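Since the structure comes first, as structure tokens, the remarks are kept for the end.
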Amino acid sequence: GPITQGLSNIIAKFITLLFDKGGIWPGLVIGGTYSFMVFLGIHHGLIPLFVTAIATTGYDLILPAIGMANMGQAGAALSVGIKSKNKETKSVAVSAVTSALLGITEPAIYGINIRFKRPFIAAAIGGAIGGAFSTFAKIEAYVIAGPSLATIPMFVGKKANNWLLALIGFAISFVIAFIVGYFLGFEDD
């Protein structure tokens with residue numbers, strides 16, 4: 001507990017520093033590493049950052065990058081679902097894609113992508129590129145929710161077409177993770 005709390009605090013300070021500097025780097029880093037943070041259970045350390053940003057500015061820039069990581073997990077899991085010859089693996093992968101698109105990435109992370117290793121790398125690459133797009137486009141989240149296709153209304157607010165930019169970013173992450181995952185392959189059971 002105390003070790004992961006300390007690690008979460010360090011990560012939160014680093015992410016705050018990245019966003020203070022601006023550019024594509026904050027989204028690239030968050031989109032590429034958020035799923036690893038989920039894997040380690042330290043992603044909850046980012047919650048105070050969302051709360052503070054929305055309370056002070058009315059929007060948050062971190063949640064959109066997290067959404068890109070989620071879509072990367074879905075795209076990588078789909079590549080496994082399409083390429084696998086194992087019926088059980090295909091079944092788990094397809095259901096993991098569905099849940100990841102709806103914001104629940106643990107089945108994709110633990111059930112498919114970490115299990116086969118290379119798909120997790122593909123998900124990180126897709127998430128990083130989508131995350132870079134999210135900070136480049138300055139996609140804003142106006143409420144705290146798990147970013148997904150089911151929570152697109154969290155991107156509807158004062159910035160026109162913000163929700164459309166979020167969908168474009170989701171598509172970028174998903175497609176890149178799928179393509180990278182498809183070509184990296186994996187060792188089927």
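In this chain, residues are counted from 1 in sequence order. Being a predicted model, the structure only gives us computed values, none of them experimental.
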Practice problem: Output yes when a side-chain donor or acceptor of Lys90 lies under 3.5 Å from a complementary backbone atom of Ile82, and no otherwise. | Solution: yes

Quiz item: Is Ile168 reachable from Leu149 through a run of I, L, V, M, F, W or Y residues, each pair having side-chain heavy atoms under 4.5 Å apart?
Solution: yes

Quiz prompt | Residue pair Arg115, Thr89: steps toward the side chain to side chain contact (heavy atoms under 4.5 Å, CB included) verdict | solution = CA-CA 11 Å; Arg115 179 175 150 201; Thr89 300; 3.4 Å; yes

Quiz item: Between Leu63 and Ala145, which heavy-atom pair has the shortest distance, and what is it?
Solution: CD2-O, 3.7 Å

Quiz item: Is it true that a side-chain atom of Ser173 and a backbone atom of Gly126 form a donor plus acceptor pair closer than 3.5 Å?
Solution: yes

Quiz item: Which heavy atom in Gly103 sits nearest to a heavy atom in Ser148, and how many Å separate them?
Solution: N-CB, 3.3 Å

Quiz prompt | Glu140 CD to Thr57 OG1 distance, which is reported to the nearest 0.5 Å | solution = 7.5 Å

Quiz item: Is the closest side-chain heavy-atom distance between Leu78 and Phe174 below 4.5 Å?
Solution: yes

Quiz prompt | Heavy-atom donor-acceptor pair, Ser99 side chain to Ala96 backbone, under 3.5 Å | solution = yes

Under 3.5 Å, sequence neighbours excluded: what are the donor-acceptor pairs made by side chains of residues 20-47?
unit_1: Thr33; atom_1: OG1; unit_2: Val29; atom_2: O; d: 2.6
unit_1: Ser35; atom_1: OG; unit_2: Gln73; atom_2: NE2; d: 3.0

Quiz item: For the hydrophobic clusters of this structure (ILVMFWY residues joined by side-chain heavy atoms under 4.5 Å, transitively), does one cluster hold both Ile176 and Ile179?
Solution: yes

Quiz item: What is the distance from atom CD1 of Ile139 to atom OG of Ser134, rounded to the nearest 0.5 Å?
Solution: 5.0 Å

Self-check item: Flag side-chain contact, heavy atom, 4.5 Å: Ile104 against Asn70
Solution: no

Practice problem: Evaluate the criterion side chain to side chain contact (heavy atoms under 4.5 Å, CB included) for residue pair Asn162 and Tyr59; output intermediate values, then yes/no. | Solution: CA-CA 11 Å; Asn162 188 64; Tyr59 63 90; over 6 Å; no

Quiz item: CG/Leu49 to CD1/Ile54 distance, rounded to the nearest 0.5 angstrom?
Solution: 11.0 Å

Exercise. Please report the shortest heavy-atom distance between Ala74 and Ala100, naming the atom on each side.
Key: CB-CB, 3.6 Å

Quiz item: If you look at every heavy atom in Gly67 and Pro147, which pair is closest and at what distance?
Solution: CA-CB, 3.4 Å

Quiz prompt | Shortest non-hydrogen separation from Ala93 to Ala77 and the atoms involved | solution = CB-O, 3.5 Å

Practice problem: Quick one: closest heavy-atom pair of Ala123 and Asn113, and the distance? | Solution: CB-ND2, 4.4 Å

Practice problem: Tell me, yes or no, whether the heavy-atom count around Phe136 atom CZ, taken from other residues, nucleotides or ligands under 6.0 Å, exceeds 12. | Solution: no

Quiz item: Given the rule that I, L, V, M, F, W and Y join up when any side-chain heavy atoms are under 4.5 Å apart, are Phe50 and Met68 in one cluster?
Solution: yes

Quiz item: About how many Å separate CD1 of Ile112 and OG1 of Thr105, when rounded to the nearest 0.5 Å?
Solution: 13.5 Å

Quiz item: What's the spacing between Phe155 CZ and Leu164 CG if we round to 0.5 Å?
Solution: 12.0 Å

Practice problem: Taking Ser91 for its side chain and Lys87 for its backbone only, find out whether a donor-acceptor pair lies under 3.5 Å. | Solution: no

Exercise. Please answer: with hydrophobic residues joined when any side-chain heavy atoms are less than 4.5 Å apart, are Ile62 and Ile10 in the same cluster?
Key: no

Exercise. Report yes or no: does Lys158 contribute a side-chain atom to a donor-acceptor pair with the main-chain N or O of Gly58 at less than 3.5 Å?
Key: no

Practice problem: Report the C-alpha separation of Phe186 and Ser79 in whole Å, then their side-chain angles, then the decisive distance to 0.1 Å, and conclude whether the side chain to side chain contact (heavy atoms under 4.5 Å, CB included) test is met. | Solution: CA-CA 10 Å; Phe186 61 97; Ser79 73; 5.9 Å; no

Quiz item: Would a hydrophobic clustering, with Ile, Leu, Val, Met, Phe, Trp and Tyr connected at side-chain separations under 4.5 Å, put Tyr142 with Ile144?
Solution: yes

